[in-house]
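Right, one structure below, let's go through it.
Owing to the predicted nature of the structure, the values given are computational and were not obtained by experimental measurement.
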Amino acid sequence: MILSPPPTPSLCYIWLSRQIPDAATCRAADRLHHLQVQGRWLFNSLTWLLLLPPSLWAFQPEFQLWQQAFTWVALRYGLLAHPWATLGVFFPFATTLSTLIWQSRNIIWGLPHRDLRQLEQQVNRIKAKGPSHLLWCWVWSDEEQS
């Protein structure tokens with residue numbers, strides 16, 4: 001996955017331009033928000049790839065029992081008998097659901113003022129630290145450094 005800034009103007013940029021008067025800071029905030037969205041989906045993908053397969057593998061004896069006679073009691077017993085595997089199965093679903101809700105809220109109602117101020121503060125911290133910051137090259141592009 002190549003981390004690149006979103007094409008300008010995005011819907012988020014149009015909404016942010018009404019909230020942040022400085023155009024360069026607004027573009028940087030839009031790029032940082034895009035990186036946050038990509039980071040959340042990368043984290044979700046990693047949880048699906050790294051946690052779910054071993055957790056399902058731990059349920060292998062229970063799958064054989066469930067194939068013979070599936071009951072809700074057998075399912076409950078299997079989930080309670082393997083608490084770490086249960087957590088490993090439900091965690092990817094929970095993180096994906098929370099990301100979907102978070103992103104839907106941002107698309108439908110826009111960023112809350114608290115999140116907007118935090119985004120603006122992060123952009124200002126990245127700008128203050130300069131090129132030594134890890135996200136400098138993605139948030140502040142070359143045309144805005146001049």
Would you call the rings of Phe59 and Phe63 parallel, tilted or perpendicular, where under 30° means parallel and over 60° means perpendicular? tilted
Which heavy atom in Gly88 sits nearest to a heavy atom in Ser55, and how many Å separate them? CA-OG, 3.1 Å
Tell me the closest heavy-atom pair linking Ala74 and Ala69, and the distance in Å. CB-O, 4.4 Å
Does either side chain, that of Trp48 or that of Thr95, offer a donor lying less than 3.5 Å from an acceptor on the other one? no
Is the CH2 atom of Trp66 crowded by more than 12 outside heavy atoms at less than 6.0 Å? yes
Of all heavy-atom pairs between Val89 and Leu52, which one has the smallest distance, and what is that distance? CA-CD1, 3.8 Å
Same apolar cluster (I L V M F W Y, side chains within < 4.5 Å links), Leu56/Leu51: no
Consider only side-chain N and O atoms of Gln103 and Gln36, and report whether a donor and an acceptor are under 3.5 Å apart. no
Pro92 versus Thr47, closest heavy-atom pair with distance: CG-O, 3.7 Å
Exercise: identify the closest heavy-atom pair between Thr96 and Asn44: N-OD1, 3.7 Å
Distance (rounded to the nearest 0.5 Å) between Leu119 CG and Leu32 CG: 5.0 Å
Side chains of Leu75 and Trp72 in contact at under 4.5 Å (non-hydrogen atoms): yes
Could you tell me whether a side-chain N or O of Asn124 sits under 3.5 Å from a main-chain N or O of Glu120, the two making a donor and an acceptor? yes
On the six-membered ring of Trp138, is Arg31 placed so that its NZ or CZ lies under 6.0 angstrom from the centre and within 45° of the ring axis? no
How many angstroms lie between NE2 in His133 and CD in Gln122, if you round to the nearest 0.5 Å? 8.5 Å
Would you kindly confirm whether Leu100 and Phe93 end up in one hydrophobic cluster when ILVMFWY residues are joined by side chain heavy atoms under 4.5 Å apart? no
For the CG atom of Leu42 and the CG atom of Leu35, what is their distance to the nearest 0.5 Å? 11.5 Å
Are His33 and Trp102 close enough, and set up right, to give a ring-ring contact (aromatic ring centres under 6.0 Å, His included), and what steps lead you there? CA-CA 12 Å; His33 180 261; Trp102 173 78; 5.8 Å; yes
Rounded at 0.5 Å granularity, tell me how far CD in Glu62 sits from OG1 in Thr86. 9.5 Å
Quick check for you: to the nearest 0.5 Å, what is the distance between Gln60 atom CD and Leu65 atom CG? 13.0 Å
Do Gln118 and Asp115 touch side chain to side chain, with heavy atoms closer than 4.5 Å? yes
Might you point out which heavy atoms bring Trp136 and Ile126 nearest each other, and give the distance in Å? CE3-O, 3.5 Å
